[in-house]
J.: 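Just dropping this structure here.
These numbers were taken from a predicted model, which means no experiment stands behind them.
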Amino acid sequence: MTPPDPATPARAGGAAADLAVVGAGIVGAAVAFGALTDRPASRILVLDEGAGNTATHWSLGVLAPWAATPGQRDLLVRGTARFRDPRLLALLRPHLRRVSVLVAAGAPTLERLARSTVGAGMEPASPGTVRAARDAVGELLLHPGDGFATVHGGIAVLDTAAAATALIDAVVDAGGHLRTGVRVTRVDTARPDGQRLLLSDGSTVTARRTALATGPWPAPLIGSGAASRSGASGVASRSGAAPWRTKRMA
Ligand SMILES: Cc1cc2nc3c(=O)[nH]c(=O)nc-3n(C[C@H](O)[C@H](O)[C@H](O)COP(=O)(O)OP(=O)(O)OC[C@H]3O[C@@H](n4cnc5c(N)ncnc54)[C@H](O)[C@@H]3O)c2cc1C
């Protein structure tokens, strides 16, 4: 039996949450906030074991405007469109700053970069920009024939840890739930009442959908619910028992 859990939203229509997000780093925070934006009435539960030392806390947060493949270009275009949401901008603006960028490379690389720039334009760097870079970092290591280019208007740098906190706070303010200090060890799919998440403290929660945003850390085991319970703590492998759609996010 599932022990009572005060942090778990009340059950309605079978599942306790419409969406359970595992991981409160920048990806989990963005997924939870995106779900709130797209479906304001949905019940969102964010679960994080609270490791603290996450990729998001180490991230430089450079929002690089370059896409090497059509898929990356599409992702950047859609991500940039999301940024036009005034509510999102208001949350992120305090954690965003613009910095100048100087690219030193050969002509073919500079041309390739210019072609792959999304939502921004590259232009030859002025002597003043090159001088400023030399003043900041010392003599530049160049190859013969290298030229200089810059991104018009600079590029954005985001304090990702602060941004993740702001997004999660907004989700909680809108009625979502955040539960920290528990590790999700297993997600049982294909159950009549939704997916069931097993937590490291022995409790469970149910959700209609689950988004795994566990970053570089081992993801929970995914199972159909019929498999054995022996892997309920610290499991890191996948049983492959149920269909599971994986999206790579950048
Ligand atoms: C030094 C450095 C610099 C970087 N610079 C950039 C950059 O400039 N630009 C850029 O785009 N990217 C950069 N990255 C990459 C970027 O940081 C990561 O891609 C991004 O932060 C990953 O975020 P995440 O939310 O997926 O993972 P994380 O931030 O690691 O968050 C995952 C969360 O999930 C929780 N969790 C994990 N497993 C479980 C579980 N089973 N149950 C419950 N909770 C769980 C963890 O506690 C954690 O809070 C950099 C990374 C590093 C290390």
Side-chain angles (χ1 to χ4, degrees), residues 7-9 15-39 42-63 71-72 74-76 78-79 82-83 85 88 91-92 95 158-189 194-201 204-223 234-240 242-250:
T8 302
D18 295 310
L19 175 68
V21 181
V22 184
I26 191 66
V27 173
V31 167
F33 186 81
L36 177 72
T37 309
D38 294 347
R39 295 183 186 83
S42 59
R43 297 157 302 164
I44 300 167
L45 172 63
V46 182
L47 299 140
D48 196 293
E49 66 177 325
N53 197 19
T54 62
T56 293
H57 280 83
W58 287 101
S59 174
L60 204 59
V62 175
L63 305 181
Q72 286 179 7
D74 181 51
L75 199 59
L76 265 179
R78 284 192 287 136
R82 282 263 178 191
F83 260 99
D85 175 350
L88 179 64
L91 284 171
L92 296 189
H95 313 299
L158 180 69
D159 179 341
T160 44
T165 302
L167 293 175
I168 295 286
D169 284 352
V171 169
V172 171
D173 286 350
H177 293 257
L178 169 67
R179 190 168 165 192
T180 56
V182 280
R183 179 172 174 71
V184 178
T185 57
R186 181 181 172 100
V187 181
D188 283 337
T189 60
Q195 300 172 347
R196 187 170 66 166
L197 285 71
L198 275 69
L199 311 186
S200 52
D201 64 359
T204 62
V205 291
T206 52
R208 277 159 37 87
R209 289 182 176 192
T210 304
L212 296 182
T214 54
W217 318 105
L221 182 75
I222 310 297
V235 284
S237 61
R238 285 165 185 267
S239 73
W244 193 260
R245 205 162 51 137
T246 305
K247 286 189 180 180
R248 282 174 181 267
M249 303 200 204

J.: Walk me through whether Val205 and Arg179 qualify under side chain to side chain contact (heavy atoms under 4.5 Å, CB included).
T.: CA-CA 11 Å; Val205 291; Arg179 190 168 165 192; 4.2 Å; yes

J.: Would you confirm whether Thr56, through its side chain, and Gly25, through its main-chain N or O, come within 3.5 Å as a donor-acceptor pair?
T.: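 No; judged by distance alone, with no hydrogens or angles, the pair does not exist.
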
J.: Side chain to side chain contact (heavy atoms under 4.5 Å, CB included) for Leu197 and Leu45? Distances and angles first, verdict last.
T.: CA-CA 11 Å; Leu197 285 71; Leu45 172 63; over 6 Å; no

J.: How far apart are the closest heavy atoms of Ala163 and Leu92, and which atoms are they?
T.: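 Shortest heavy-atom separation between Ala163 and Leu92 comes out as CB-CD2, 3.6 Å.
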
J.: Working to the nearest 0.5 angstrom, can you tell me the gap between Thr214 OG1 and Leu47 CG?
T.: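 Separation between the atoms: 12.0 Å.
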
J.: So do Leu19 and Ser42 actually touch side chain to side chain, heavy atoms under 4.5 Å?
T.: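 They are not in side-chain contact.
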
J.: Atom CG of Asp48 and atom CD1 of Ile168: how far apart are they, to the nearest 0.5 Å?
T.: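 Answer rounded to 0.5 Å: 8.0 Å.
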
J.: Where the side chain of Asp18 meets the backbone of Arg43, is there a donor-acceptor pair that is under 3.5 Å apart?
T.: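 Here the side-chain-to-backbone pair exists.
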
J.: Which heavy atom of Ala213 sits nearest a heavy atom of Val27, and at what distance?
T.: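 Heavy atoms of Ala213 and Val27 come nearest at CB-CG1, 3.9 Å.
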
J.: Going from CZ on Arg183 to CH2 on Trp217, what distance comes out if it is rounded to the nearest 0.5 angstrom?
T.: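 It is 10.0 Å, given to the nearest 0.5 Å.
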
J.: For Pro220, does its backbone N or O pair with a side-chain atom of Thr185 as donor and acceptor, under 3.5 Å?
T.: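 It does not hold such a pair.
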
J.: Just by distance, do the side chain of Gln195 and the backbone of Thr210 share a donor-acceptor pair under 3.5 Å?
T.: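 Yes; judged by distance alone, with no hydrogens or angles, the pair exists.
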
J.: Quickly, which of Val31, Leu91, Val46 forms a side chain to side chain contact (heavy atoms under 4.5 Å, CB included) with Leu167? Name it, please.
T.: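 Among Val31, Leu91, Val46, the one that satisfies the side chain to side chain contact (heavy atoms under 4.5 Å, CB included) with Leu167 is Leu91.
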
J.: Strictly distance-based, threshold 3.5 Å: is any side-chain N or O of Thr160 a donor or acceptor partner for the main-chain N or O of Ile26?
T.: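 Checking the backbone N and O of Ile26 against the side chain of Thr160, no donor-acceptor pair under 3.5 Å is found.
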
J.: Say whether, by atom type as modelled, one donor and one acceptor occur between the side chain of Thr37 and the main chain of Phe33 under 3.5 angstrom.
T.: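 Present.
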
J.: Side chain to side chain contact (heavy atoms under 4.5 Å, CB included), that's the test. Do Thr180 and Leu178 meet it? Break it down for me.
T.: CA-CA 6 Å; Thr180 56; Leu178 169 67; 3.9 Å; yes

J.: Does Leu199 reach the side chain of Val184, with side-chain heavy atoms less than 4.5 Å apart?
T.: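 Side-chain contact under 4.5 Å: yes.
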
J.: Just verifying a value: how many Å separate Ile44 CD1 and Leu36 CG, rounded to the nearest 0.5 Å?
T.: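 Ile44 atom CD1 to Leu36 atom CG measures 5.0 Å (nearest 0.5 Å).
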
J.: Treating Thr206 as the side-chain partner and Ala16 as the backbone partner, does any N or O pair qualify as donor plus acceptor under 3.5 Å?
T.: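 Judged by distance alone, yes, a pair lies under 3.5 Å.
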
